[in-house]
Amino acid sequence: MASISLTFPDGQSRQYDAGVTAAQVAQSIAPSLAKSAVSATLDGRHWDLQWPIEADGALAIKTLKDAEGLELIRHDLAHVMARAVQALWPDVKVTIGPVTETGWFYDFDRKEPFTPEDLGAIEAEMRRIIGAKDPIRTEVWDRARAIAHYEANGEPFKVELINRIPEGEPIRMYWHGDWQDLCRGPHLQNTGQLPGDAFRLMGVSGAYWFGDVNRPQLQRITGVAFRNRDELKAHLTMLEEAAKRDHRKLGREMELFHMQEEAPGMVFWHPNGWTLWRTLQDYMGRRLRRAGYKEIRTPQVLDRILWEKSGHWENYRENMFIVEVDEDGAKEKRINALKPMNCPCHVQVYNQGLKSYRDLPLRLAEFGACHRYESSGSMHGLMRVRGFTQDDAHIFCTEDQIGEECRAFIELLASVYEDLGFDGFEIKFSTRPEKRIGSDETWDKVEGALEAAIRATGRDFEVDPGEGAFYGPKLDFKLTDAIGRKWQCGTFQVDPNLPDRLGAEYVAEDGAKHRPYMLHRAILGSFERFLGILIENYAGKFPFWLAPRQIVVASIVSDADDYVREVTEALQAAGLRAEADTRNEKINYKVREHSVGKVPVILALGMKEVEGRTVSMRRLGEDGQKVMPLGEAIAQLAGEARAPDQRG
RNA sequence: GCCCCCAUAGCUCAGCUGGUAGAGCAGCUGAUUUGUAAUCAGAAGGUCGGCGGUUCAAGUCCGUCUGGGGGCACCA
């Protein structure tokens, strides 16, 4: 038998017979290692302990402590769950069950829906299987045998999966107990290696087979799993914490906004929420103005003729709100649409009057309200709505100017995200999709220009092939919030096509008319969504400059009410958002209520403050309070209330 | 749009196998003048999301519509 040489992580090598398994290797190193081993990596590839090793390579034995171990737990739990489901309902057909970021899911085909109560029964059966410590074994089958097997068992989805496995790849079968599944592996050694108390089934949902609406809809059961009970507990606690900062809940509690049946996907902003919005919009307005943008305002309702020209009528009509109007004396109804985006309007503004190359780059910005008829199932609080407002702008420029505009945009975006409290962001470069307009020559040119521009900034970016817009390549910017979630907000898109469709042009140095390029760009994306992200990022505890309610001035005794009103007015005169609370309640009650209401500063005033013309300042999240002269307090708070771009 | 789940007072939620609704908080009224996260008392508040159906009887069972939630699909 041939001999092979395996190299271990410590650099040492040993000789083995070809066909040796990683389990045997582990045993040869130490019996204790063989016992705790769950899998291995061979030349970096995740490798089952039972698979034979036929050639020289670098082998590392993995235990549950390794990242591979956690993946295996989740992977095997998917199989154990599938087995449990088929044990309980033998008629259920199994499909696929991959590992996710926090656990796994498995999609089943079954006529009757799984109920939440079924999940408990499935979990119990899973624990029984884990308790049985069934050994897991693997075999490689040839394609015909595997297909025949699943056809005989009435598992059409597995047959399809086998047919999708590329020629030359081994087709592997796994068993534990009398249950069998098709799987590329690797797996644990036995089901007893699974932590029976560190997983939980989270829910049932629908999911299309291979993500295709035209294929059967399956039932997806999802679970979360960790190495041990404490990690599971920590995860569940994290979910509870995330739920506490849910913008829908905070929006109601802090009286920021509401939505109602008569206007699904549209937001009613209340005074507090609108204050937050305006604070953000005013800030963005200043940043854009300073960056050379001109702010404009364009119509909401436009005749379909414009949408036909822009191409939207043809491609996105189902997603547009259509407005039919009976005009006096008209034979036909006039058909309009609420604008789903601002760009065609911005081209109309550009097109007024002849433009010279000296006018470029021309940056037109609009806090543009748009409406899109989003499908009912996609709406989600403020995060996905039908009526939204973008921090939209379009830069009309020459090809030579794309690079500099891109650089300046990224600088601006980075600075804005930092001001708003977000630490970092990722950049994604999306190239031409299959369904697109414009010539390959043009695509080559604009993709090249955009890539050169992003490279020149020296920032890291990922390429996402085929994910560009149909009219041009783009950069997407994804920020990370306080609890590690990522949100795609900013975008920078190069569009050589819309100026063409809508006839934008400029007179160049050569005296001839040329098409400008159009750069679509946004930093926040939609105000609605971004405010939702901000609310969750800060869990409602906004920095002072953003807080819709900045200061409550509360009386301790009613004899201090006049002074409370005087202080409140003085704060308001200094431009601060201050309210008086002279209700007949104890100071404990007022402090609690405004703390729960997430007001950053409470000034409590009793007779001592009246006599000394001082205030007792209490800050949200801090114990105790500071007494200081009124004038000092106003100066201090007015300083803090300045937006980041207005600080000296 | 599709699958599952949900809809009871302003908010959070009870209401077992059908017998025409209950709590806490908020709000209102009154008392209390209070020193940094809930003072006490009283009265009031709901065509149980809409529309149909089954039944002597529906918050409860069935159908349907609307909205919401968790996913899938979609996201110019």
Side-chain angles (χ1 to χ4, degrees), chain A residues 105 107 110 112-119 202-222 243 246 248-249 252-253 255 258-265 307 310-312 314-320 340-341 343-344 370 372-381 383-386 388 433 435 437 468-472 474 488 491 493 495 498 520 525-526 529 554-561 582-597 602-609 616-627:
Chain A
F105 65 77
D107 290 348
R110 180 193 182 212
E112 302 73 32
F114 291 111
T115 65
E117 294 76 56
D118 290 342
L119 297 185
M202 298 301 278
V204 190
S205 66
Y208 299 106
W209 176 235
F210 276 103
D212 185 344
V213 220
N214 301 312
R215 313 258 358 227
Q217 189 164 35
L218 309 167
Q219 296 187 63
R220 172 168 301 179
I221 303 180
T222 51
D246 188 310
R248 294 164 297 191
K249 181 177 139 78
R252 187 171 51 241
E253 287 172 1
E255 296 179 77
H258 88 271
M259 298 200 241
Q260 64 187 49
E261 259 187 58
E262 290 83 350
W307 304 115
S310 70
H312 290 88
E314 193 184 344
N315 291 308
Y316 299 103
R317 191 176 160 185
E318 296 81 52
N319 295 306
M320 289 165 73
M341 46 192 352
C343 25
C370 297
R372 295 179 186 177
Y373 188 81
E374 301 286 359
S375 68
S376 59
S378 66
M379 289 188 291
H380 178 89
M383 300 305 187
R384 185 88 175 264
V385 289
R386 285 182 177 157
F388 59 95
K435 218 180 112 181
I437 58 175
F470 71 91
Y471 48 75
K474 61 176 182 174
Q488 198 230 295
T491 190
Q493 312 175 351
D495 180 0
L498 197 62
H520 307 247
S526 117
R529 179 161 172 274
S555 54
I556 295 170
V557 292
S558 51
D559 282 346
D561 285 357
T582 54
R583 290 175 304 169
N584 179 7
E585 296 290 352
K586 294 175 89 161
I587 192 63
N588 290 295
Y589 181 91
K590 297 182 184 179
V591 165
R592 180 185 147 78
E593 187 176 280
H594 299 122
S595 298
V596 168
I602 298 171
L603 302 182
L605 309 182
M607 292 320 287
K608 273 189 272 182
E609 287 74 19
S616 164
M617 188 188 294
R618 182 189 176 92
R619 287 177 184 272
L620 185 63
E622 287 176 20
D623 286 330
Q625 50 276 333
K626 231 182 246 167
V627 177

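Here the structure is a predicted model, which means the values were calculated and not measured.
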Enquirer: So, is R248(A) near the phosphate of G70(B), with a side-chain N or O under 4.0 Å from OP1 or OP2?
Expert: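 True: R248(A) side-chain N/O within range (under 4.0 Å) of G70(B) OP1/OP2.
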Enquirer: Classify the side chain of E609(A) versus the base of G35(B) as yes if they form a donor-acceptor pair under 3.5 Å and no if they do not.
Expert: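 Such a pair is found, so the answer is yes.
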Enquirer: Side-chain N or O of R618(A) less than 4.0 angstrom from OP1 or OP2 on A37(B)?
Expert: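 Result: yes.
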Enquirer: For F470(A), answer base if it contacts any base atom (sugar-phosphate contacts may also be present), sugar-phosphate if it contacts only those atoms, and nothing otherwise; contact means non-hydrogen atoms under 4.0 Å.
Expert: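 Sugar-phosphate contact only.
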Enquirer: Are K590(A) and I602(A) side-chain neighbours, meaning at least one heavy-atom pair lies under 4.5 Å?
Expert: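 With C-beta onward as the side chain, the pair stays apart.
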Enquirer: How far does the C1' atom of C5(B) sit from the matching atom of A9(B), given to the nearest Å?
Expert: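 Between the two C1' atoms, the distance is 24 Å.
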Enquirer: Looking at the base of G1(B), is there any donor atom on it, or on the side chain of Y373(A), that sits under 3.5 Å from an acceptor on the other one?
Expert: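 Counting by modelled atom types and ignoring angles, no donor-acceptor contact under 3.5 Å is found here.
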Enquirer: Give me the distance, rounded to whole Å, that separates U34(B) from G45(B) when you measure between the P atoms they each carry.
Expert: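 The answer is 36 Å between these two P atoms.
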Enquirer: Side chain of Y589(A), heavy atoms from C-beta onward: which of U39(B), A73(B), A37(B) has the nearest atom to it?
Expert: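 Comparing U39(B), A73(B), A37(B) against the side chain of Y589(A), the answer is U39(B).
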Enquirer: May I ask you to verify whether the side chain of S616(A) and the base of U36(B) hold a donor-acceptor pair under 3.5 Å?
Expert: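 When only heavy-atom distances are counted, S616(A) does reach the base of U36(B) through a donor-acceptor pair under 3.5 Å.
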Enquirer: Could you check whether T222(A) gets within reach of a base, just the sugar-phosphate, or nothing at all, counting any heavy atom under 4.0 Å?
Expert: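 Answer is nothing: T222(A) stays at 4.0 Å or more from every strand.
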Enquirer: With a 4.0 Å cut-off on heavy atoms, is K608(A) in touch with a base, just the backbone sugar-phosphate, or nothing at all?
Expert: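 If one applies the 4.0 Å heavy-atom cut-off, K608(A) turns out to touch a base.
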Enquirer: Among all residues two or more places apart in sequence or in another chain, which pass the side chain to side chain donor-acceptor pair (under 3.5 Å) test with N319(A)?
Expert: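 Scan of N319(A) (side chain to side chain donor-acceptor pair (under 3.5 Å), adjacent residues dropped) gives none.
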Enquirer: Provide the distance between the two C1' atoms, one in C75(B) and one in A7(B), to the nearest whole Å.
Expert: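 So the two C1' atoms sit 28 Å from each other.
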Enquirer: Could you check whether the rings of H312(A) and W307(A) sit parallel, tilted or perpendicular, using 30° and 60° as the cut-offs?
Expert: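 The rings of H312(A) and W307(A) stand perpendicular, inter-plane angle above 60°.
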Enquirer: Show me, range against range, the stems involving RNA chain B, built from at least 3 consecutive Watson-Crick or G-U pairs below 3.5 Å.
Expert: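 The stems that RNA chain B takes part in, listed by first number, are B:1-7 with B:66-72, B:10-13 with B:22-25, B:28-31 with B:39-42, B:49-53 with B:61-65.
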Enquirer: Looking only at atom C1', what distance separates G69(B) and U29(B), rounded to whole Å?
Expert: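 My reading of the C1' atoms in G69(B) and U29(B) gives 39 Å.
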Enquirer: Taking atom P in both G52(B) and A57(B), what distance in whole Å separates the two?
Expert: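 It works out to 16 Å between them.
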Enquirer: Give me the distance, rounded to whole Å, that separates A14(B) from C51(B) when you measure between the C1' atoms they each carry.
Expert: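 Per the computed distance, 27 Å lies between those C1' atoms.
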Enquirer: List, with names and distances, any nitrogen or oxygen atoms from the protein found under 3.5 Å away from nitrogen or oxygen atoms belonging to nucleotides 3-12 of chain B.
Expert:
{"from": "C3(B)", "atom 1": "O4'", "to": "Q217(A)", "atom 2": "OE1", "distance (Å)": "2.7"}
{"from": "C3(B)", "atom 1": "O2", "to": "G206(A)", "atom 2": "N", "distance (Å)": "3.0"}
{"from": "U12(B)", "atom 1": "OP1", "to": "R252(A)", "atom 2": "NH2", "distance (Å)": "2.9"}

